[in-house]
Amino acid sequence: MKKLIDVLAPLGLVVLIGAIVLDRIGRPLPGKPAAYLIAGAVLVLAHLLLRWEEVSRRIGRRQMKYGSNTAVLVLAVIGIFGVVNYLANRHTKRWDLTKNKRYSLSDQTKKVLGGLKEDVKVTYFQRNLERASGQDRMKEYQAASSRVKVEFVDPIASPAKALAYEVRGPWPILVIERGAKREKVSNDSEQDITNALIKITRDAKKTACFVEGEGERDIDDGADRGLSGAKAALGKSQYETKKVLLARETAVPADCTVMVVAGPEHDLLPSVVDSLRRFVKGGGKVLVMAEPETKNATPNLDALAKEWNIDLAKDIVVDVSPVGQLFGTGPLTPLASQYPFHEITKDFRVMTAFHTARSAEAGKGTVDGVTAQSLLQTSADSWAETDLTLKEPVELDEGKDRKGPISLGAVATIKASPAPSPSPAAPPSPAASGSPGASPSPSASPDEPPSPAEGRVVVLGDSDFASNGLLGFQGNQDFFLNTVAWLAQDSDLISIRPREPEDQRMFLTQQQQKNVLLLSLLLIPGTFVVLGIATWWKRRG
């Protein structure tokens, strides 16, 4: 019997170590690995309990007492950690301390997830799912909305599933479904996943139309002055874009959700102004990005903005704030960091940069049916320069120039004009009513047409902020996209969007690599060796 008891502990260790090793090399034993670990631990524990007297005699009563106390403390600590771990799993709380919050969902993603009305299924295909970095991100999506259902699939272990979804590497690939709509994403970045969610949850695409004909910025121009970056950003938010030669049209095309006038070099033609005016009065949406009148005056454009109770001044904004110097911008590149409360700039905590901008603000008076307010302002270290020739030195003239903060944009809502009601039908003539076979019947009153939506207008004193040269500056892209989303009445798209993670790798020259190697392998270990020898010599003496 004693020999059998003595075999229990070695047998338990063999079971424990064997199960772990076989699982690591890819040849696990039949059944669950946890069962073998529990069985091995039970064998070792049984050996100790059955030979307890002998174990305590060999160790000694005193050591056994201290050992028992230590064991109790260890078990108590393990128990505390177990309880804490259980609570942490039940009540998840994470702190993202990275610079750009790369492990947290953006405001836009949370807004899109919060607006889901139907379940969305995400099938995540990735080889070796244990190493899939995107699993944590998808768990964040699930935690933010119970409407998101995620299934993780190894395409090698489940080839039929991959074949059914018609997916093939490189991995990962995500298939996002809502009803009959399906969208494939070739990577697991938050930006691409959220854009796919927006795409499958929107039932109809909206179009941003860019006016051309008066020297406006071109959405197909890839140079610094062009708007190709803005076009790409609108595409990711599921907006279609197109150019419209409004001077050739009798009215704004019916498929245009938002009309954009992006920095015309010449004044708008009266016919174009009339089309925009009628468009807004009928509930349309217009974004005007004007420029200072340094070359050509724009009286028609200024008068149209005035009808919307927005003043475009004949000036150019100069900013000498020290913040601009930190970013390396000049005095003609004003920065806006103050945002009066509005849905477009709600929760905005970033700056926006403009270049050669004019002031644009809500009018001091009132216009019937129009509600206007200023949208963003520069710092107090700026002014509106009235000398458009910008002769050196450019300085604040207390008598002529306006001291900052200066408004660079304004927004207005316009009460839409009701659609013309149909003319009442002529009453039947006595002859007709008295004709044989005619039965008099009361004429049904026509249904009243629904009141049209309000017109919305945003007028900005600059178009450079949306150009390729400045679109990537802090909040410029978000401000531009939020403005279009507000005009298009896409409230779920008004937010701070996810950013691509910055490349924070450190590149060292060959000499720097040698220095790091010398420091880590020789100098630091050598210092501790010398200190150890010195301490030993001192104690020896």
[Y] backbone acceptor or donor facing [X] side chain under 3.5 Å:
X    : Y    : result
T201 : I198 : yes
Q238 : K236 : yes
N482 : I344 : yes
N309 : G365 : yes
S407 : A360 : yes
S158 : P155 : no
S228 : D221 : yes
D315 : A384 : no
Q142 : E140 : no
R137 : D188 : yes

If you measure from [atom1] on [X] to [atom2] on [Y], what distance do you get to the nearest 0.5 Å?
X    : Y    : atom1 : atom2 : result
Q108 : L113 : CD    : CG    : 10.0 Å
T329 : L470 : OG1   : CG    : 9.5 Å
K243 : E212 : NZ    : CD    : 5.5 Å
R182 : E177 : CZ    : CD    : 4.5 Å
E385 : K391 : CD    : NZ    : 11.5 Å
E151 : L174 : CD    : CG    : 12.0 Å

message: Counting neighbours of CD on E166 that are heavy atoms of other residues, nucleotides or ligands and sit closer than 6.0 Å, is the number greater than 12?
response: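 No.
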- request: For M259 and L287, run side chain to side chain contact (heavy atoms under 4.5 Å, CB included): C-alpha distance rounded to whole Å, both residues' side-chain angles, the deciding distance at 0.1 Å, then the answer.
  value: CA-CA 6 Å; M259 291 298 298; L287 168 60; over 6 Å; no
- request: List the steps and the verdict of side chain to side chain contact (heavy atoms under 4.5 Å, CB included) for S106 and K111.
  value: CA-CA 9 Å; S106 67; K111 211 166 186 179; over 6 Å; no
task: Go through the steps to decide whether D387 and K400 satisfy the test salt bridge (charged side-chain N to carboxylate O under 4.0 Å, His left out), and finish with yes or no.
output: CA-CA 9 Å; D387 182 9; K400 298 181 180 179; over 6 Å; no
field: Option passing salt bridge (Lys or Arg N to Asp or Glu O under 4.0 Å) with D464 (candidates R358, R225, R217)
entry: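 Per the salt bridge (Lys or Arg N to Asp or Glu O under 4.0 Å) rule, the option paired with D464 is R217, out of R358, R225, R217.
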message: Run S491 and E343 through side-chain hydrogen bond (donor to acceptor under 3.5 Å, both in side chains) and show every step you take.
response: CA-CA 8 Å; S491 58; E343 190 176 358; 4.8 Å; no
Side chain to side chain, [X] and [Y], heavy atoms closer than 4.5 Å:
X    : Y    : value
E291 : P264 : no
L246 : F210 : no
D381 : P322 : yes
Y239 : L481 : no
D319 : T333 : no
I310 : V370 : no
F125 : V175 : yes
I200 : V120 : yes

- request: Please work out whether the ring planes of F465 and F354 are parallel, tilted or perpendicular, with thresholds of 30° and 60°.
  value: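 Rings of F465 and F354: tilted, as their planes differ by 30° to 60°.
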Contact summary for [X] and [Y], nearest pair of heavy atoms:
X    : Y    : answer
K403 : I406 : O-CD1, 3.7 Å
G282 : A416 : C-CB, 4.2 Å
T250 : R278 : O-NH2, 3.2 Å
C256 : F279 : O-CZ, 3.7 Å
V211 : E214 : CG1-OE1, 4.3 Å
A412 : W486 : O-CH2, 4.2 Å

task: For side chain to side chain contact (heavy atoms under 4.5 Å, CB included), just list the numbers for V280 and W308, CA-CA rounded to whole Å, side-chain angles, deciding distance to a tenth of an Å, and then say yes or no.
output: CA-CA 10 Å; V280 171; W308 299 325; 3.7 Å; yes
What I want to check is whether the side chains of [X] and [Y] have a donor and an acceptor closer together than 3.5 Å.
X    : Y    : answer
D267 : N300 : yes
Q191 : N195 : no
E190 : T109 : yes

message: Would R402 pass as a cation-pi partner of W383, given that its NZ or CZ must be under 6.0 Å from the six-membered ring centre and within 45 degrees of the axis?
response: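 No, R402 does not sit over the ring of W383.
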Please determine whether a side-chain nitrogen of the Lys or Arg among [X] and [Y] lies less than 4.0 Å from a carboxylate oxygen of the Asp or Glu.
X    : Y    : result
D311 : K364 : no
D154 : K161 : no
D220 : K231 : yes
E454 : K415 : no

task: Any side-chain hydrogen bond (donor to acceptor under 3.5 Å, both in side chains) involving residues 112-123? Give me the pairs, sequence neighbours left out, ordered by first then second residue.
output: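 Listed once each, the pairs are E118-R178, D119-R147, K121-Y165.
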query: Could you walk me through whether S275 and E249 pass the side-chain hydrogen bond (donor to acceptor under 3.5 Å, both in side chains) check?
result: CA-CA 9 Å; S275 296; E249 304 284 343; over 6 Å; no
message: Restricting to salt bridge (charged side-chain N to carboxylate O under 4.0 Å, His left out), what partner residues turn up for D490, sequence neighbours left out?
response: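 Here the qualifying residues are R202, K206.
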Stepwise side-chain hydrogen bond (donor to acceptor under 3.5 Å, both in side chains) test for S374 and Y339: CA-CA 9 Å; S374 296; Y339 306 98; over 6 Å; no
query: Does the side-chain hydrogen bond (donor to acceptor under 3.5 Å, both in side chains) test come out yes or no for T386 and D401, once each step is laid out?
result: CA-CA 6 Å; T386 55; D401 303 333; 2.9 Å; yes
- request: Before giving the answer on side chain to side chain contact (heavy atoms under 4.5 Å, CB included), spell out for D478 and V350 the whole-Å C-alpha distance, their side-chain angles and the decisive distance to 0.1 Å.
  value: CA-CA 10 Å; D478 283 327; V350 291; 5.7 Å; no
